[in-house]
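Notes for the one structure printed next.
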There are 2 protein chains.
Amino acid sequence: MSQREDAKAERRRRIVAAARALIRETGDAGLSMRAIAARAGVSLTTPYNLFGSKRAIVVAVLEDVRQFQDRFAELQQLDVIDRIFQAVSISMTYYAQDEAFYRPLWTEALDTNGKELRTTLSSERRYAFWRGLVDEAAAAGAVLPGLDADLLVRSLERVFGSAMLSWVLGAIPTSNLEATAGLGYALALRGATVPERHPAIEARLMGYQRELLRLPKAAPAA
Amino acid sequence: MSQREDAKAERRRRIVAAARALIRETGDAGLSMRAIAARAGVSLTTPYNLFGSKRAIVVAVLEDVRQFQDRFAELQQLDVIDRIFQAVSISMTYYAQDEAFYRPLWTEALDTNGKELRTTLSSERRYAFWRGLVDEAAAAGAVLPGLDADLLVRSLERVFGSAMLSWVLGAIPTSNLEATAGLGYALALRGATVPERHPAIEARLMGYQRELLRLPKAAPAA
DNA sequence: GCGCTAATCGAAACATGTTCTAAATTTTAC
DNA sequence: GTAAAATTTAGAACATGTTTCGATTAGCGC
């Protein structure tokens, strides 16, 4: 890599690090472009040159920090459907456990404020991961024949996204995040699978339901 | 009602009308608080007194304009599940047909910008409507026994919301809005119903899928 | 080493949502 | 009718995301 690109990458890294540190220290409040730039030791214009928008920076932080790889390792030995639920559980638990960091992060990431909001939220890596799980489920004969894997993955991503949005909007408490997402996945997965898989999924469905009914009623969804 | 409250209500009405007119004329661009206030003939502070935030005003416009009642009348004669799909179709078609108006509206409504975003997006009326459909489906024995109606409705609302969000973010084109939402509903409903209902729902599922696969691939979901 | 190119910088500017202040106005209660 | 209370008003202010612009700096090919 040329020295020029090298310096760019270094600035990029510093900007992402600055944003991460600011969220960590001040939550949503202190996360302004001016603060990020100052913290990264660059001018206000540079983040715009390198990322284009505040949202893009936040998404970069989200991508950067999302190192679930090790946690996902144990998935291999599970049933092909259990694996999906397990992945959801891991993700949501991960966010819930460090709420002070991830809620501001997702709040900014889901901010639809700007005009040019084409910033892809779902990364290639992320898509590939879920696509892999769905493909394996399909290969195992669990998925309804004829159902398009791509469309199914996108539907599941939307279930994921809507749970995050509800969380960010305050419609569901952090303690309900996993169960809310899980219930959405259970419904969609029971809807997407062959009958033999239904009993197991129904068990999960009812488990999540029990959890949600135990706690104070959640506010309406977005 | 006291004269004072009367005047307040009148101002409220004028503010909502101003916002509606501005969206109609200028789309998203011209919809600033200053513009709304000027158009309504009130000072900038008044909308904040009466609504609290820009988002609340937009939600009020959305509630005000959402008069699907007449269009929903024909639902009565349909099968209890078909009714739900029909309601989705009516809603989405309604938004798609007047995209220039409803896209800016939903863009603002889903804006998570501000701090106090507790503004309930899902109104009582809206919830009651979908709850009614779900309750009827349950009464007809279509819904999986033991599944909580409230949680199911909220899950379906999230499917709805995520389709709108994808639309607003530009992840799916307007021409795909109905099919995207429909596919999400089909998955969740197949997941929530007894096996006897599955063939009919699968037919819809495949119908939506066919429609989505026909058009250019949609961008990733939010 | 030298010019060219690309990138950053510093600073200002703009639009906007929101809040605050004190003055003016209108409704209500007596 | 008049005093008190509640609201609106005008205007400024603040924080913020984003853009613009001219000046400056640093790396690249030669």
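Chain identifiers are assigned alphabetically (A, B, ...) following the order of the sequence lines, protein sequences preceding nucleic acid strands; residue numbering begins at 1 within each chain.
For the pair B/Lys54 NZ and C/dT19 P, the computed distance is 14 Å after rounding to whole Å. For the pair B/Leu22 CG and C/dT16 C1', the interatomic distance rounds to 15 Å; values are reported in whole Å. Atom P of nucleotide C/dT16 and atom CD1 of B/Ile57 are separated by 15 Å, given to the nearest angstrom. Rounded to an integer number of Å, the gap from CD of A/Glu10 to P of D/dA26 is 16 Å. In this structure, CZ of A/Arg34 is placed 13 Å from P of C/dA11, rounded to the nearest angstrom. Rounded to whole angstrom, the span from the CD1 atom of A/Ile36 across to the P atom of D/dT18 amounts to 10 Å. Computed from coordinates, the A/Phe51 CZ to D/dG17 C1' distance equals 16 Å when rounded to whole Å. If you measure from atom CE of B/Met33 to atom P of D/dT9, you get 13 Å, rounded to the nearest angstrom.
Checked against ring-ring contact (aromatic ring centres under 6.0 Å, His included), B/Phe51 has no partners two or more places apart in sequence or in another chain. B/Arg11 is linked by a salt bridge (Lys or Arg N to Asp or Glu O under 4.0 Å) to nothing, counting only residues two or more places apart in sequence or in another chain. Taking A/Arg20 as the reference, A/Asp64 meet the salt bridge (Lys or Arg N to Asp or Glu O under 4.0 Å) condition, with sequence neighbours excluded.
Using modelled atom types, one finds no donor on one side chain facing an acceptor on the other under 3.5 Å when comparing A/Asn176 with A/Tyr208.
Residue-to-nucleotide proximity on DNA chain D shows that, of A/Gly30 and A/Gly52, the 5′-proximal contact is made by A/Gly30.
Look at A/Gln3 and you won't find any side-chain N or O under 4.0 angstrom from OP1 or OP2 of D/dA26.
Between the side chain of A/Arg14 and the main chain of A/Ala37, no donor-acceptor pair closer than 3.5 Å is present.
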With B for base contact, S for sugar-phosphate-only contact and - for none (protein heavy atoms under 4.0 Å), nucleotides 5-10 of chain C reads BBSBBB
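Listed by first and then second residue, the salt bridge (Lys or Arg N to Asp or Glu O under 4.0 Å) pairs that reach into residues 37-47 of chain A are A/Glu25-A/Arg39, sequence neighbours excluded. Legend: salt bridge (Lys or Arg N to Asp or Glu O under 4.0 Å) pairs involving residues 160-178 of chain A, not counting sequence neighbours: none detected.
Heavy atoms of B/Leu31 sit under 4.0 angstrom from primed sugar atoms or phosphate atoms, though from no base atom.
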